[in-house]
Amino acid sequence: QVQLVESGGGLVQVGGSLRLSCAASGLDFSTYAMGWFRQAPGKEREYVAVSLKGGAGEGYADSVKGRFTISRDVAKNTLYLKMNSLKPEDTAVYYCNADKSSSTYYINRNNYDSFDYWGQGTQVTVSS
């Protein structure tokens, strides 16, 4: 079965850094677009970043552009999110996901069911 397992979350101070990982299994990693979303209590899940399939590129939400970097290691079937200059508003549960169509990250991306697979999430807390 397909599994996406996030790790690397934790508690950091404002301005600090974290690197999240999403280990994928049960799917052909290189043929899926993969991304990161986050959700804070009382808020809707929001898009953070996407790694387009086939090495077509990356995309970022305006709120994280310039601070976060998404990447993938195909050999390790792992997606990463390097987060720098963290702010309190970055506090959330971070989820990775995967979809066969890169366009899903630009169309209907606020619909949870639009995406093929989701991980269970990892907590990131940024203290001020």
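- When all heavy atoms are compared, the tightest approach of G26 to V2 is O-CG2, 3.3 Å.
- Judged as a ring-ring contact (aromatic ring centres under 6.0 Å, His included), the pairs with a partner in residues 37-93 (not counting sequence neighbours) are, in order, F37-Y47, F37-F115, F37-W118.
- Defined by atom type and a distance below 3.5 Å, a donor-acceptor pair is missing between the side-chain atoms of T78 and D73.
- Judged as a disulfide bond (SG atoms under 2.5 Å apart), the pairs with a partner in residues 21-79 (not counting sequence neighbours) are, in order, C22-C96.
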field: Evaluation steps, side-chain contact (heavy atoms from CB on, under 4.5 Å), between S17 and M83
entry: CA-CA 5 Å; S17 298; M83 306 184 294; over 6 Å; no
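- From S101, atom OG reaches atom CD1 of I107 across 7.5 Å, with rounding to the nearest 0.5 Å.
- Side-chain contact between V126 and V14: present, with at least one pair of heavy atoms (C-beta onward) separated by less than 4.5 Å.
- Counting only heavy atoms from C-beta outward, the side chains of L79 and W36 approach each other to under 4.5 Å.
- The cluster map of Ile, Leu, Val, Met, Phe, Trp and Tyr, joined by side-chain heavy atoms under 4.5 Å apart, puts V5 and V74 in different clusters.
- E6 contributes a side-chain N or O that, together with a main-chain N or O of Q120, makes up a donor-acceptor pair within less than 3.5 Å.
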task: Just do the side-chain contact (heavy atoms from CB on, under 4.5 Å) check on L86 and Q13 with the steps written out, would you?
output: CA-CA 8 Å; L86 284 162; Q13 295 183 29; over 6 Å; no
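- Residue pairs that meet the salt bridge (charged side-chain N to carboxylate O under 4.0 Å, His left out) test with at least one member in residues 116-128, sequence neighbours left out, do not exist here.
- Considering only heavy atoms from C-beta on, L11 comes within 4.5 Å of S127 through its side chain.
- Every residue two or more places apart in sequence or in another chain was checked for a side-chain hydrogen bond (donor to acceptor under 3.5 Å, both in side chains) with T69, and none qualifies.
- Within the model, atoms OG1 of T122 and CG of L20 stand 6.0 Å from one another, a figure rounded to the nearest 0.5 Å.
- In this view, S25 and Q3 satisfy the side-chain contact (heavy atoms from CB on, under 4.5 Å) rule, not counting sequence neighbours.
- Under the rule for a side-chain contact (heavy atoms from CB on, under 4.5 Å), the partners of T31 that lie at least two apart in sequence or sit in another chain are D28.
- For V93, the side-chain contact (heavy atoms from CB on, under 4.5 Å) partners are Y95, Q123, not counting sequence neighbours.
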Under 3.5 Å, side-chain donor or acceptor atoms of residues 49-59 against the rest of the protein: list the pairs with distances, not counting sequence neighbours.
from	atom 1	to	atom 2	distance (Å)
S51	OG	R72	NE	3.0
S51	OG	R72	NH2	3.2
K53	NZ	K100	O	2.6

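- In this view, Y106 satisfies the ring-ring contact (aromatic ring centres under 6.0 Å, His included) rule with no residue, not counting sequence neighbours.
- By the salt bridge (Lys or Arg N to Asp or Glu O under 4.0 Å) test, R67 pairs with D90, sequence neighbours left out.
- Under the salt bridge (charged side-chain N to carboxylate O under 4.0 Å, His left out) criterion, the residue pairs touching residues 42-51 are R38-E46, with sequence neighbours excluded.
- Checked against N97 for a side chain to side chain donor-acceptor pair (under 3.5 Å), the options Y32, Y112, Y105, Y117 give a single hit: Y105.
- Remark: S114 pairs with T104, N108, N111 by the side-chain contact (heavy atoms from CB on, under 4.5 Å) rule, at least two apart or across chains.
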